[in-house]
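First the proteins, then the strands, lettered A, B, ... as listed; each starts at 1.
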2 protein chains.
Amino acid sequence: MPVNSFDNYPMSWKPDKNALKRPFYKSLASLLEQDITNGFLAPGTKLPPQRELADFLDLNFTTITRSYKMCEVKGLIYAVTGSGTFVAPNATRSITISADKTANSIDLGFVASFEQTNDIVSETLQKTVNKSYLEQLLNYNDPTGIPHQKTAALNWMESFGIHADQEHIAIVSGAQNALAVALAALFEPGNRIATDLYTYSNFIELAKMFHIKLVPIHGDQFGMLPDELEKQCCQTNIDGIFLMPSCNNPTTIMMSDIRKQELAAVIRKHRLILIEDDIHAFLTAGIISDYRQPMFHLLPEQSVYICGTSKSICSGLRVAYMVYGETLREKISQAIFNINVKTSSFDAEVITELILSGKAHEIVSHKKRLAQTANDIYSEYFPLRKDVGHPLSLYRWLPIKGHNDALQLETDLKRRGIRVFHSNRFQSGQTTPDMYLRIALSSTNSFDELKIGLGILKQYLN
Amino acid sequence: MPVNSFDNYPMSWKPDKNALKRPFYKSLASLLEQDITNGFLAPGTKLPPQRELADFLDLNFTTITRSYKMCEVKGLIYAVTGSGTFVAPNATRSITISADKTANSIDLGFVASFEQTNDIVSETLQKTVNKSYLEQLLNYNDPTGIPHQKTAALNWMESFGIHADQEHIAIVSGAQNALAVALAALFEPGNRIATDLYTYSNFIELAKMFHIKLVPIHGDQFGMLPDELEKQCCQTNIDGIFLMPSCNNPTTIMMSDIRKQELAAVIRKHRLILIEDDIHAFLTAGIISDYRQPMFHLLPEQSVYICGTSKSICSGLRVAYMVYGETLREKISQAIFNINVKTSSFDAEVITELILSGKAHEIVSHKKRLAQTANDIYSEYFPLRKDVGHPLSLYRWLPIKGHNDALQLETDLKRRGIRVFHSNRFQSGQTTPDMYLRIALSSTNSFDELKIGLGILKQYLN
DNA sequence: CAATTTGTTGGTAAACATTTG
DNA sequence: ACAAATGTTTACCAACAAATT
């Protein structure tokens, strides 16, 4: 490419050569960061190739590499060998989805969990405080959980197909906390974790915070494609994989048993660490005919299985169980100590009591019925595609067309009184042409409110 | 140095040239890691200078730099310009101090907090479950704490000299959790944080996990020396500073008010982010005559103030308060969401009730009396130096001589029935010739047990 | 399928900064 | 005060690898 062609094929970004100070690579990176956060470079914009920019700025091109790399680590841009470097879809904003309610808005965004069942929890809470051993819950002992709590936990997970002993389970403060512990314990900054093309947005943010790079892998209706994973593993060094086999968030895809085994073979071969988030186990095991087992037991020595009780039992009591192989035990308990010291024994005790008394199962049945009703309501507004996705999912994944500006779409709907999230928030890497909305069914105050919300949405999309 | 002098002045480490594979720097780093973890290279050993090793291996010396750097980031070695590179004091083991009790051992190691007061907590716990708004505590709302809980928190911290509003306080799951949140929110891997020469060992481990480098700064009996901090700030890029002004752990040093102001000036000048861990506020404010204020209000826009209730009120209820300036608000709430989603509202509610009912103050008075007694007992065995350190500290810092092998010392004492920790565990950077033991006074089951433990210790040291 | 474009990686060289003697 | 030893930083070059055309 001739040096003087800049005017004919203008570069999308022309940093001011005079603004560069030494060290160049840092200076250039912060210029880029500014221009992205100021909105001067929109998400999706292709940046000049390293060599071209180097030519323009009269620097060696690996100096540009380093600047780009700094911004990539911060999640501002992403690079694809062969095609170029692009501004990341979510460069300018955080995609974390929180429960912070905005007044007078119907929440189809955050996925809560039919809090109507919490009266049962209150009752049990009141009973729990009368235990004779209450004071044992108030000291620093048993940082990974009290033995009888672990026993109840194992008992609970038995029906999901999990079998483990006291030494290989830990109780932590909710599933998100478990993910944080797992990442901190088992990965280093710069490591790579394979994920589905669309994955849990709070995991994306968490990985960003820990400077772990996500490698999106294509999938089909049965889950991630083993060949695609294999391909990526051979290409780049991949250290781990994050999966939600029992019901992917946001796509609602359930992984078939065959697919689990095929993927496990690839994971085993490349020695990846598997993080299996089974938060939807309660909606899947025993309901789905094809369901056989979580992936954990296919790869026990290289997996962390996470089972949170926020969705299945109660969201305010912060409890999740982590199950792991012997090889990971020490690192995980170390990380739990570093991040939490210990989990509140009291929260865990209430959950334990709920499990042992059978109330937890009552709650689960109730939630399943509510999920069924909510899905029935949804299908009145938007037809469910047969055999695609989880039938009882707490959210749905709605393909949309012709709404290209994700932010605009969310804002428009907010103005009409509903909160939903655009598929952009769930993209672990590059942009795709397909667009969806994730519709939470379990967060409205009533089914009437859900109907109103879905009505508004349907009207808007038509 | 002539190339052939290796035999005359043998290098402390001669990696096998043939074992090196490409890429050299990674291969060399893992050789070094192995030799350290196998105990082949003992802590404190001086490694060959980069240039010398490069000569020996026939590589460019910056390749060695990179290998050393990899190991340094992992906390295996540390380097001092001008003097050389050394194996880190705690390279081979984790220094995390946990409450995992070993049977039949008197615990003078882990600092608990006189759990005798937990009967008061039990009572309040039982009352709390009868609140009419109990179900409000069981959902996903208010991730940083419910407003009335925050009000109580501010109320509590008022007496420590903290004034803030609802938007600048968050409730998290204990002080360690707050530290994790602060590091995740405000620092990046590779950042540097200044600390006292001896500092909280769990903070050292946490920083290691986040790949944050600690820069030890010398101090005197009034705390860290401002000139030393200034010097380091000018030399290397320092991003933050961690301080426990009201009672350093492990040295028990309280910072004088003048020193706080001098340090604040340096911190302001270099725009460091201050993490102020004020877990001992309850033992200091109102007791120490010189006490005026925490450092937070000297630097409100660049500080995070952390006030845990584990030591002062109850350790099993995992609650700590974080107070911060507007500039840090967004990042911190983001990190809280990423790591915890939310804190258990129930734990926070019990603490709130304890504060509002005045029981918390009762507990604190009780703990202060216990601390006084424990310190009186200690002084019968080991004389307290006048005017050095906190008079009511829950632990003491005992200078020892002639016991050079830290691990051996800890093991010897363990065999005699007591658990104590050697000063090596608390070193944030290089080794020092001075040696101490940290003696926890608040973790034995009774004062008689404390006396027995101190007796054994005294006999052993003589 | 070969050539081209584009990003990645690993080793090198030079200038720099700090500590020690 | 200065020289030597030692670690640090930044830029560059060359070989490589993947994707596109």
Contacts of [X] that satisfy salt bridge (charged side-chain N to carboxylate O under 4.0 Å, His left out) - sequence neighbours left out:
{"X": "A/Lys269", "result": "A/Glu230"}
{"X": "B/Asp220", "result": "B/Arg259"}
{"X": "B/Lys331", "result": "none"}

Measure from [atom1] on [X] to [atom2] on [N] and round the result to the nearest Å.
{"X": "A/Lys69", "N": "C/dT6", "atom1": "NZ", "atom2": "P", "answer": "17 Å"}
{"X": "B/His218", "N": "C/dT19", "atom1": "NE2", "atom2": "P", "answer": "11 Å"}
{"X": "B/Asp55", "N": "D/dA5", "atom1": "CG", "atom2": "P", "answer": "13 Å"}
{"X": "B/Tyr68", "N": "D/dT9", "atom1": "OH", "atom2": "P", "answer": "17 Å"}
{"X": "A/Met70", "N": "D/dT9", "atom1": "CE", "atom2": "C1'", "answer": "13 Å"}
{"X": "A/Leu47", "N": "C/dG7", "atom1": "CG", "atom2": "P", "answer": "9 Å"}
{"X": "A/Glu72", "N": "C/dG7", "atom1": "CD", "atom2": "P", "answer": "11 Å"}
{"X": "B/Leu28", "N": "C/dG10", "atom1": "CG", "atom2": "P", "answer": "14 Å"}

Check your understanding: Is any side-chain N or O of B/Gln50 closer than 4.0 Å to OP1 or OP2 of D/dA5?
Key -> no
Point to revise | ring pair (Phe, Tyr, Trp, His ring centres under 6.0 Å) partners of B/Tyr436, counting only residues at least two apart | key: B/Tyr198, B/Trp397
Review point. Partners of A/Gln302 by side-chain contact (heavy atoms from CB on, under 4.5 Å), sequence neighbours excluded?
Key: A/Ile267, A/Arg268, A/Leu299
Point to revise | Terminal axis angle for the helix from C/dA2-D/dT21 to C/dG21-D/dC2, five pairs an end, nearest 10 degrees | key: 0°
Revision key, fill the gap. Whether each nucleotide of nucleotides 10-19 of chain D has a protein heavy atom under 4.0 Å at its base (B), only at its sugar-phosphate (S) or at neither (-) is summarised, 5' to 3', as SBBBB--BBS
Review point. Hey, what do you get for CZ (A/Phe24) to OG1 (A/Thr63), rounding to the nearest 0.5 Å?
Key: 8.5 Å
**Study point:** Pairwise distance CD1(A/Ile36) to CG(A/Leu41) - rounded to 0.5 angstrom
**Key:** 6.0 Å
**Study point:** Residue pairs involving residues 32-51 of chain B (criterion salt bridge (charged side-chain N to carboxylate O under 4.0 Å, His left out); sequence neighbours excluded)
**Key:** B/Glu33-B/Lys74
What pairs of donor and acceptor atoms, side-chain ones from residues 187-195 of chain B against any protein atom, are under 3.5 angstrom apart with sequence neighbours left out?
residue	atom	partner	partner atom	Å
B/Asn191	OD1	B/Glu188	N	3.0
B/Arg192	NH1	B/Asn237	O	3.2
B/Thr195	OG1	B/Ser428	OG	3.1

